[in-house]
Peer 1: 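Have a look at this one before I ask anything.
The first residue of the sequence shown is numbered 1, and numbering continues consecutively from there.
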Amino acid sequence: MKQATFHQLKVFEAVARHSSFTRAAEELFLTQPTVSMQVKQLAKVVGLPLFEQVGKHLYLTAAGQELLATCREIFEKLSQFEIAIADLKGLKQGCLRLAAITTTKYVIPRLLGPFCQRYPGIDVSLTITNHERLLASLAENRDDLYILSQPPEDIDISTHLFLENPLVVLASRDHPLATEKNISLKRLVEEPFIMREPGSGTRKAVQKLFDEHGVCAKVKLDLGSNEAIKQAIAGGLGISVLSRHTLTVEGTTSQLVILDVECFPIQRYWYVVYPTGKQLSVIAGTFFEYLLNEGKELAIADYLRKHILTKP
Ligand code: PGA
């Protein structure tokens, strides 16, 4: 294994994580043949195949699984080493790895601005993804801090309340229900529904509410993006439930309105979490403090300013 290069291990880990050569190549800014070649050379060094292709799916072989676990340990050790060195230097420099659910993209990147200006030596890697994928990252300890709405119960984590994340029903401005008051859930589910993809926390929360009230939505369309859903609503394809934060960029020109529906908004919150016992680096600790104090105040001020404008 001494002949294997660090680069090859990084490439292999990305392919294994995405179960795809193409997506790994995109992430690493490499061509697909380069990625395949690196994995091939690594398999040669190992002396066993690392992946097997069954139909359209790429699976890790037993040797691949062993190697993936080893890679993760190596990367974790290196990142701890980097943290230790940065802490020894006492400098706020290095990398901050954040993972946050999709709805936070309307808030977290804005809060990073002032933080990065204050600490120009810090590079930030922010992954915006859905609930299910974020939990996978958390389980594998890939990032420093995680921001999500439904903290998992089966992972031992330290959880800190960050901000409100109300889920509202959205329709196009000219929808027949737009002017109605206190619409019942029964009436609501007669409308064609646009839902976030399976694995989404928003979808889970909506499903839970509907199940509790014994109603069932007529889902016409599944979409994996809040922005695409907003466009679909504006295009008259149906109604949907999204975080109120997704309206942040619309201002007064919004083609969307919030419907007045019983049991809505679904009151939810964003939490900042990290695995219990995880040693936060100076950088992660500094950002954590910033987020829960100044960051929170900035976000609340921004939210109030925007949502007074977009109030139905
Ligand atoms: P989602 O999460 O992007 O998985 O829907 C959003 C949320 O839980 O608020």
Side-chain angles (χ1 to χ4, degrees), residues 100-108 128-134 147-150 163-270 299 302-312:
I101 48 165
T102 63
T103 45
T104 63
K105 81 167 186 192
Y106 302 91
V107 174
I108 299 298
I128 300 274
T129 189
N130 77 9
H131 180 75
E132 197 171 82
R133 286 193 283 263
L134 190 130
I147 304 156
L148 77 175
S149 292
Q150 289 155 289
L163 272 187
E164 282 191 9
N165 175 31
L167 299 185
V168 293
V169 186
L170 297 177
S172 67
R173 203 162 262 292
D174 53 5
H175 192 280
L177 292 180
T179 50
E180 303 246 332
K181 293 270 165 259
N182 201 20
I183 302 159
S184 69
L185 286 179
K186 253 174 110 186
R187 170 68 190 87
L188 187 78
V189 294
E190 287 169 19
E191 295 297 318
F193 236 85
I194 308 166
M195 274 282 198
R196 282 284 307 279
E197 77 288 359
S200 143
T202 308
R203 180 183 177 117
K204 246 186 167 173
V206 177
Q207 203 58 60
K208 183 164 171 271
L209 179 77
F210 286 0
D211 288 349
E212 280 166 6
H213 289 80
V215 294
C216 184
K218 286 191 281 183
V219 180
K220 287 281 167 225
L221 189 62
D222 275 342
L223 280 177
S225 138
N226 298 321
E227 284 305 308
I229 290 183
K230 279 162 49 186
Q231 294 304 323
I233 300 170
L237 282 174
I239 58 172
S240 189
V241 176
L242 289 180
S243 163
R244 191 170 176 154
H245 288 280
T246 65
L247 288 179
T248 308
V249 284
E250 257 68 42
T252 45
T253 59
S254 175
Q255 293 170 284
L256 310 181
V257 285
I258 298 175
L259 296 185
D260 181 7
V261 182
E262 63 169 342
C263 304
F264 280 91
I266 301 176
Q267 210 43 268
R268 298 171 87 227
Y269 298 88
W270 284 325
D302 206 37
Y303 180 80
L304 291 176
R305 192 165 49 79
K306 299 266 174 41
H307 287 274
I308 285 164
L309 291 176
T310 56
K311 223 176 168 139

Peer 1: Quick one: list whatever passes salt bridge (Lys or Arg N to Asp or Glu O under 4.0 Å) with R268, sequence neighbours left out.
Peer 2: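 Salt bridge (Lys or Arg N to Asp or Glu O under 4.0 Å) check on R268 returns nothing, list empty.
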Peer 1: Looking at Q255 and A234, what are the two nearest heavy atoms and their distance?
Peer 2: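 Taking Q255 first and A234 second, the nearest heavy atoms are OE1-CB, 3.9 Å.
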Peer 1: The criterion is ring pair (Phe, Tyr, Trp, His ring centres under 6.0 Å); which residues satisfy it with F264, sequence neighbours excluded?
Peer 2: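 Here no residue qualifies.
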Peer 1: Applying side chain to side chain contact (heavy atoms under 4.5 Å, CB included), name anything that partners P192, two or more places apart in sequence or on another chain.
Peer 2: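 Result, side chain to side chain contact (heavy atoms under 4.5 Å, CB included) vs P192: K220.
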Peer 1: What heavy-atom pair brings A299 and L163 nearest, and what distance separates the two atoms?
Peer 2: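 So the two residues come closest at CB-CD1, 3.5 Å.
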Peer 1: Walk me through it: do H131 and R196 pass the test side-chain contact (heavy atoms from CB on, under 4.5 Å)?
Peer 2: CA-CA 11 Å; H131 180 75; R196 282 284 307 279; over 6 Å; no
Peer 1: With sequence neighbours left out, what residues match E180 under salt bridge (Lys or Arg N to Asp or Glu O under 4.0 Å)?
Peer 2: none
Peer 1: Atom CD in Q207, atom OG in S200: separation rounded to 0.5 Å?
Peer 2: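 Rounded to the nearest 0.5 Å, the CD-OG separation comes to 10.5 Å.
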Peer 1: Does S243 have any side-chain hydrogen bond (donor to acceptor under 3.5 Å, both in side chains) partners at least two apart in sequence or in another chain, and if so, which?
Peer 2: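 By the side-chain hydrogen bond (donor to acceptor under 3.5 Å, both in side chains) rule, S243 matches N165.
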Peer 1: Go through the structure and list residues passing side chain to side chain contact (heavy atoms under 4.5 Å, CB included) with L223, not counting sequence neighbours.
Peer 2: I194, L221, A228, I229, A232
Peer 1: With a 4.5 Å cut-off on side-chain heavy atoms, are H213 and C263 touching?
Peer 2: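 Yes, at least one pair of side-chain atoms sits under 4.5 Å.
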Peer 1: To the nearest 0.5 Å, tell me how far Y106 OH sits from E227 CD.
Peer 2: 3.5 Å
Peer 1: Looking at K218 and V189, would you say the former's side chain and the latter's main chain have a donor-acceptor pair under 3.5 Å?
Peer 2: no
Peer 1: As a quick check of understanding, evaluate side-chain contact (heavy atoms from CB on, under 4.5 Å) for I258 and L247, giving each step before the final call.
Peer 2: CA-CA 10 Å; I258 298 175; L247 288 179; 3.8 Å; yes
Peer 1: Got a sec, which residues hit side-chain hydrogen bond (donor to acceptor under 3.5 Å, both in side chains) with H175, two or more places apart in sequence or on another chain?
Peer 2: E191
Peer 1: For residues L185 and V261, determine if any side-chain heavy atom of one lies less than 4.5 Å from a side-chain heavy atom of the other.
Peer 2: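 L185 reaches V261 side chain to side chain.
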Peer 1: What residues form a side-chain hydrogen bond (donor to acceptor under 3.5 Å, both in side chains) with T103, not counting sequence neighbours?
Peer 2: W270
Peer 1: Drop me the distance from N182's CG to L259's CG, to the nearest 0.5 angstrom.
Peer 2: 12.0 Å
Peer 1: The test is side-chain contact (heavy atoms from CB on, under 4.5 Å); show your working for V241 and L209 and say whether it passes.
Peer 2: CA-CA 11 Å; V241 176; L209 179 77; over 6 Å; no
Peer 1: Would you give the length of the straight line joining atom OG1 of T202 to atom CG of L242, rounded to the nearest 0.5 angstrom?
Peer 2: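 The OG1 atom of T202 sits 6.5 Å away from the CG atom of L242.
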Peer 1: Go through the structure and list residues passing side-chain hydrogen bond (donor to acceptor under 3.5 Å, both in side chains) with E262, not counting sequence neighbours.
Peer 2: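 Partners of E262 under the side-chain hydrogen bond (donor to acceptor under 3.5 Å, both in side chains) test: none.
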Peer 1: Does the side chain of R203 reach to within under 4.5 Å of the side chain of N130, using non-hydrogen atoms?
Peer 2: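 No, side chains not in contact.
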Peer 1: Using the rule given for side-chain contact (heavy atoms from CB on, under 4.5 Å), can you reason through K208 versus I266, listing the C-alpha separation, both sets of side-chain angles and the distance that settles it, and then say yes or no?
Peer 2: CA-CA 10 Å; K208 183 164 171 271; I266 301 176; over 6 Å; no
Peer 1: May I ask you to test the L177-R187 pair for a side-chain heavy-atom distance under 4.5 Å?
Peer 2: yes
Peer 1: Mind checking the CD-CG spacing from Q231 to L256? Nearest 0.5 Å is all I need.
Peer 2: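 Separation between the atoms: 8.0 Å.
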Peer 1: Side chain to side chain contact (heavy atoms under 4.5 Å, CB included) with E164: which residues, sequence neighbours excluded?
Peer 2: P166, Q267, Y269
Peer 1: Looking only at side chains, do T246 and N226 share a donor and an acceptor under 3.5 Å apart?
Peer 2: no
Peer 1: Which heavy atom of S172 sits nearest to which heavy atom of V257, and what is that distance?
Peer 2: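 Closest approach of S172 to V257: O-CG2, 3.8 Å.
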Peer 1: Once salt bridge (Lys or Arg N to Asp or Glu O under 4.0 Å) is applied, do any residues pair with D260, and if so which ones, sequence neighbours excluded?
Peer 2: none
Peer 1: Do L170 and S240 touch side chain to side chain, with heavy atoms closer than 4.5 Å?
Peer 2: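 Side-chain contact under 4.5 Å: no.
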Peer 1: Could you measure the distance from the CZ atom of F193 to the CD1 atom of I233? Nearest 0.5 Å is fine.
Peer 2: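 Taking CZ in F193 and CD1 in I233, the distance rounds to 9.0 Å.
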Peer 1: Using side-chain heavy atoms (C-beta onward) and a distance below 4.5 Å, is V169 in contact with I183?
Peer 2: no
Peer 1: What are the two closest heavy atoms between I239 and A171, and how far apart are they?
Peer 2: CG2-CB, 3.7 Å
Peer 1: Applying salt bridge (Lys or Arg N to Asp or Glu O under 4.0 Å), name anything that partners K204, two or more places apart in sequence or on another chain.
Peer 2: none
